[in-house]
J.: 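One structure, pasted below without further comment.
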Amino acid sequence: MNDRLWSEAVILEAPGRQLRVESTRDADICLRRYWPVDEGRAWEVARDACQKALSGVTSPDSARRAFIEAAREAAFEIRSWS
């Protein structure tokens with residue numbers, strides 16, 4: 001498994017919920033267990049991007065970008081944390 005901390009964490013906010021995601025593994029767990037919906041094009045792309053990044057096929061940055069798009073699709077408010 002190829003997991004590294006992202007250069008910048010992503011904080012997702014929704015009513016009554018805040019999630020801090022710091023790595024591709026965190027994002028994959030979040031998408032599988034804590035996502036408000038388990039469908040949508042961006043959600044599918046993000047799940048695939050996380051799996052590819054964890055396998056070393058793509059970069060963690062590409063997984064981070066896909067995760068942010070899935071968060072937008074799910075109507076999370078998105079914040080970054082350095």
J.: According to side chain to side chain contact (heavy atoms under 4.5 Å, CB included), who are the partners of P36, at least two apart in sequence or on a separate chain?
T.: A74, F76
J.: Please identify each residue that fulfils side chain to side chain contact (heavy atoms under 4.5 Å, CB included) with E13, with sequence neighbours left out.
T.: I11, Q18, E77, R79
J.: Please find the pair of heavy atoms, one from S59 and one from S62, that lie closest to each other, and give the distance.
T.: O-OG, 2.7 Å
J.: Residues two or more places apart in sequence or in another chain: which of them pass side-chain hydrogen bond (donor to acceptor under 3.5 Å, both in side chains) with W6?
T.: T24
J.: Under the rule for salt bridge (charged side-chain N to carboxylate O under 4.0 Å, His left out), what residues qualify as partners of E73, not counting sequence neighbours?
T.: none
J.: Could you tell me whether the side chain of E8 reaches within less than 4.5 Å of the side chain of R64, counting heavy atoms only?
T.: yes
J.: Can V37 be reached from V45 by stepping across I, L, V, M, F, W or Y side chains whose heavy atoms are under 4.5 Å apart?
T.: no
J.: Can you confirm whether R32 is buried at CZ, in the sense that more than 12 heavy atoms of other residues, nucleotides or ligands lie under 6.0 Å from that atom?
T.: yes
J.: Pairs under 3.5 angstrom only: tabulate donor-acceptor contacts from the side chains of residues 46-57 to other protein residues two or more places apart or in another chain.
T.:
residue : atom : partner : partner atom : Å
D48     : OD2  : K52     : NZ           : 3.2
Q51     : NE2  : D28     : OD1          : 3.0
Q51     : NE2  : D28     : OD2          : 3.1
S55     : OG   : Q51     : O            : 2.9

J.: Among all residues two or more places apart in sequence or in another chain, which pass the side chain to side chain contact (heavy atoms under 4.5 Å, CB included) test with I78?
T.: V10, L12, I68, A71, R72
J.: Ring centroids only, cut at 6.0 angstrom: are W35 and F67 within range, meaning strictly under it?
T.: yes
J.: What distance separates S7 OG from E22 CD, expressed to the nearest 0.5 Å?
T.: 12.0 Å
J.: The criterion is side-chain hydrogen bond (donor to acceptor under 3.5 Å, both in side chains); which residues satisfy it with D3, sequence neighbours excluded?
T.: S23
J.: If hydrophobic clusters are built from ILVMFWY residues whose side chains come within less than 4.5 Å, do V21 and L5 share one?
T.: no
J.: Can you name the side chain to side chain contact (heavy atoms under 4.5 Å, CB included) partners of E44, sequence neighbours left out?
T.: R41
J.: To the closest 0.5 Å, what do you measure between CG (L19) and CD1 (I29)?
T.: 12.0 Å
